[in-house]
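We count residues from 1, following the sequence as given.
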Amino acid sequence: IVANGNGVNGAARRFGNYFTSRGFKVTKTINSHSFDHKNTKLLYSSDRINDIQRILENIPCHLDGKNIIGLKHLENSVKIIIGFDLTKIN
């Protein structure tokens with residue numbers, strides 16, 4: 001799942017296509033509950049921990065540890081919330 005967390009029109013679709021072109025399966029693109037995400041966040045379920053390194057190698061920004069968050073309720077999924085830090089990436 002790729003979510004638009006910055007309010008820029010088409011951000012989730014754009015980065016969904018970006019990840020798809022790199023071999024990832026993007027199941028949907030959505031708007032986040034808010035558009036005030038300064039930094040991109042990577043949320044994942046513990047059973048997807050092996051996918052995280054590959055995502056980090058392909059995401060076009062640096063994510064520090066506080067923006068990589070394991071959550072039990074995601075149930076076998078990964079969610080990337082696109083923040084303002086990716087608005088300048090082409």
Side-chain angles (χ1 to χ4, degrees):
I1 299 170
V2 178
N4 182 344
N6 61 35
V8 174
N9 188 31
R13 182 182 62 250
R14 182 172 157 223
F15 283 99
N17 291 339
Y18 171 88
F19 286 109
T20 299
S21 73
R22 283 158 178 74
F24 292 94
K25 180 180 177 185
V26 176
T27 57
K28 69 172 122 171
T29 57
I30 60 173
N31 284 328
S32 182
H33 294 292
S34 68
F35 292 135
D36 61 354
H37 292 271
K38 181 179 177 183
N39 297 306
T40 297
K41 294 174 180 59
L42 175 60
L43 313 174
Y44 66 94
S45 62
S46 60
D47 50 347
R48 298 301 297 269
I49 191 73
N50 293 332
D51 298 324
I52 300 307
Q53 184 60 40
R54 185 167 162 248
I55 293 169
L56 291 173
E57 290 169 358
N58 283 276
I59 200 163
C61 69
H62 172 75
L63 296 182
D64 61 23
K66 68 181 179 182
N67 292 312
I68 304 169
I69 305 161
L71 299 172
K72 292 180 182 179
H73 74 276
L74 282 178
E75 298 180 19
N76 195 32
S77 66
V78 173
K79 182 176 183 180
I80 300 169
I81 302 174
I82 304 301
F84 287 105
D85 56 345
L86 285 181
T87 58
K88 297 176 182 156
I89 305 293
N90 290 325

So do [Y] and [X] actually touch side chain to side chain, heavy atoms under 4.5 Å?
X   : Y   : result
V78 : L42 : yes
L86 : F15 : yes
I55 : Y44 : no

Out of curiosity, [X] [atom1] to [Y] [atom2], how far, rounded to the nearest 0.5 Å?
X   : Y   : atom1 : atom2 : answer
I81 : N31 : CD1   : CG    : 11.5 Å
I80 : F24 : CD1   : CZ    : 7.5 Å
K79 : K28 : NZ    : NZ    : 8.5 Å

Closest approach of [X] to [Y] (non-hydrogen atoms, all atoms of both residues):
X   : Y   : value
F35 : N4  : CE2-O, 3.3 Å
A12 : T29 : O-CG2, 3.4 Å
D36 : S34 : OD1-OG, 2.7 Å
A3  : S32 : CB-N, 4.2 Å

Side-chain donor/acceptor of D85 to backbone N/O of N39, under 3.5 Å:
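A pair under 3.5 Å: no.
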
Donor-acceptor contact present, side-chain N6 to main-chain G83, <3.5 Å:
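Between the backbone of G83 and the side chain of N6 there is a qualifying donor-acceptor contact (under 3.5 Å).
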
Show every donor-acceptor pair shorter than 3.5 Å between a side-chain atom in residues 57-68 and any protein atom, with sequence neighbours excluded, or say none if there are none.
| from | atom 1 | to | atom 2 | distance (Å) |
| --- | --- | --- | --- | --- |
| E57 | OE2 | Q53 | NE2 | 3.3 |
| N58 | ND2 | R54 | O | 2.8 |
| D64 | OD1 | K66 | N | 3.3 |
| D64 | OD1 | N67 | N | 3.4 |
| D64 | OD1 | N67 | ND2 | 3.1 |

Check which hydrophobic residues are tied to V8 through side-chain heavy-atom contacts below 4.5 Å, counting indirect links as well, and list them.
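Besides V8, the cluster holds no residue at all.
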
Suppose we screen for side chain to side chain donor-acceptor pair (under 3.5 Å). Which residues come up paired with S45, at least two apart in sequence or across chains?
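Partners of S45 under the side chain to side chain donor-acceptor pair (under 3.5 Å) test: D47.
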
